[in-house]
Amino acid sequence: MKSSRRSFLEAGLGLPVLLGATPSLAVTSQAVETTASKDSSFDPWVEIHRENLRHNVQEISRRIASRPILAVIKNNGYGMGVANVARLLEPQPEIFGFAVVKLHEAICLRDAGIRKRILLLGPFDEKNLEDAVARSIIPMVYTPLGPALDNIAAKTQKPVPLHICVDTGIGRVGVPYYQAAPLVRDLAARKSVQIQGTMMTFTEDPDFDKEQLRRFNKTCAALEKEGISLGKRHAASSFGLFQHPDAFFDMVRPGMAIYGIYSENEFRRISIMDLHPAISLKARVIYAKKLRAGDSAGYNRAYVAKDDVWVATLPVGHADGWPRTAPKGAKVRIKDDLYPVIASVSASHCIVEIGREERIKIGDVATFFDAQPGSRPEDISEACGASVYDLTMHLSPLLPRHFV
Ligand SMILES: Cc1ncc(COP(=O)(O)O)c(C=O)c1O
């Protein structure tokens, strides 16, 4: 099944996460306030694979000839926990800094002790801007904010570092490329401003991307000819790492590739980068039973057993982030075998078909996705049409995160 890469809202979940008492367990901020027995040992959990994360960063660095990497860790660090992932990535010399969309995630990173650069890709008002600058969070700017920047710089007695976002065709945020020159000139002329970067985002339409690149290059070249310094130019997301070596510029800006997941399934088949998934979703079987022929499972009797068959119930549903489309073909690994998800995915449960034999017992570990062939996030995505962005970014921030 073909899944559209961006077929989901980017709103995402962004609750801050804190490191727990032990180095191997990260818990949510809400969880910290509750008692030690808050989690049942059957509750699902997310595993974060440190070595795979490190490997992916090195793989990306090799691909981009050691340019700096601005790691996109928005939407709760693509499901890993924004502070968790920043803490793991920060010591790696290849990582230049981090990019998030929500101001509260940027602040959470500073509160967690992250010292590298943080670029705020999302919106802010003047008060937010002042708070961000006070925490050395760099705003992405594309509107005439000169007077507000003057006010802040007058208070801090320092120019405000910023990146300028140019819209070359994605139509989302960014000053339209044909209106960029007056805005950039105005900002560059102010003592209150230090332009540290200039960026754009591809639409990831192969033909139109070429036109976007031409627009960006032309806009930047004209401004540089006037003597304006644009700082580090950056454009390449994970897609760009594979498709646009001509747009690596001074820095790249990937998210999904860092987490070891191919943003497009076709990238798995070309050996440009060897990515190892660094995130897994696991739980334990809570119930196994034999259905008789004609017995049903799931709301609306979504599944009716043709013959006597064993099924297992897993405590993972769409409220945990497991897609409702999973019964269209997704399989779950229990011990060494993959079993199809059947019936319907409800808020807190799903059911897998085991077969004629009772091969599974209560307490067995079930893996929804991990780094193994057959149960990689891309396999689930291909099987049931949920994008890999849904699989990671929709993971409930309430699930415990364990480091392995
Ligand atoms: C502006 C911007 N840059 C980079 C990225 C990283 O994208 P990806 O996770 O596909 O590498 C995103 C995420 O969608 C983004 O919005």
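Order of listing sets the numbers, starting from 1, for every ligand and every atom in it.
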Ligand 1-proximal atoms of [X], by part, heavy-atom distance under 4.0 Å:
X	result
His234	neither
Phe239	neither
Ser263	neither

Which of the numbered atoms in ligand 1 are under 4.0 angstrom from any heavy atom belonging to [X]?
X	value
Thr201	1 (C)
Met256	8 (P), 9 (O), 11 (O)
Tyr78	6 (C), 7 (O), 8 (P), 9 (O), 13 (C)
Gly255	6 (C), 8 (P), 9 (O), 11 (O)
Tyr389	8 (P), 9 (O), 10 (O)

* Asked: Is the closest heavy-atom distance from Pro254 to ligand 1 below 4.0 Å?
  -> yes
* To do: Look at ligand 1 and say whether Arg172 reaches it with a heavy atom at a distance under 4.0 Å.
  => yes
* Using 30° and 60° as the class limits, which term best fits the ring planes of Phe242 and Phe267: parallel, tilted or perpendicular? -> parallel
Taking both backbone and side-chain atoms of [X], is any N or O found less than 3.5 Å from an N or O belonging to ligand 1?
X	result
Met199	no
Glu204	no
Lys74	yes
Arg253	yes

* Structure fact -> Shortest non-hydrogen pair, Gly298 vs Ile351, comes out as N-CD1, 4.2 Å
* Taking all heavy atoms of Met140 and all of Phe124, pick out the closest pair and write down the distance. => O-CE2, 3.7 Å
Quick one: does any side-chain atom of [X] pair with a main-chain N or O of [Y] as donor and acceptor, under 3.5 Å?
X	Y	value
Ser238	Ala257	yes
Asp250	Arg233	yes
Asn84	Met80	yes
Gln196	Gly231	no

* **Derivation and outcome, side-chain contact (heavy atoms from CB on, under 4.5 Å), residues Arg376 and Arg268** => CA-CA 11 Å; Arg376 288 179 61 121; Arg268 292 175 78 178; 3.5 Å; yes
* Ignoring hydrogens and angles, state whether a donor on the side chain of Ser237 or Glu204 is under 3.5 Å from an acceptor on the partner side chain. => yes
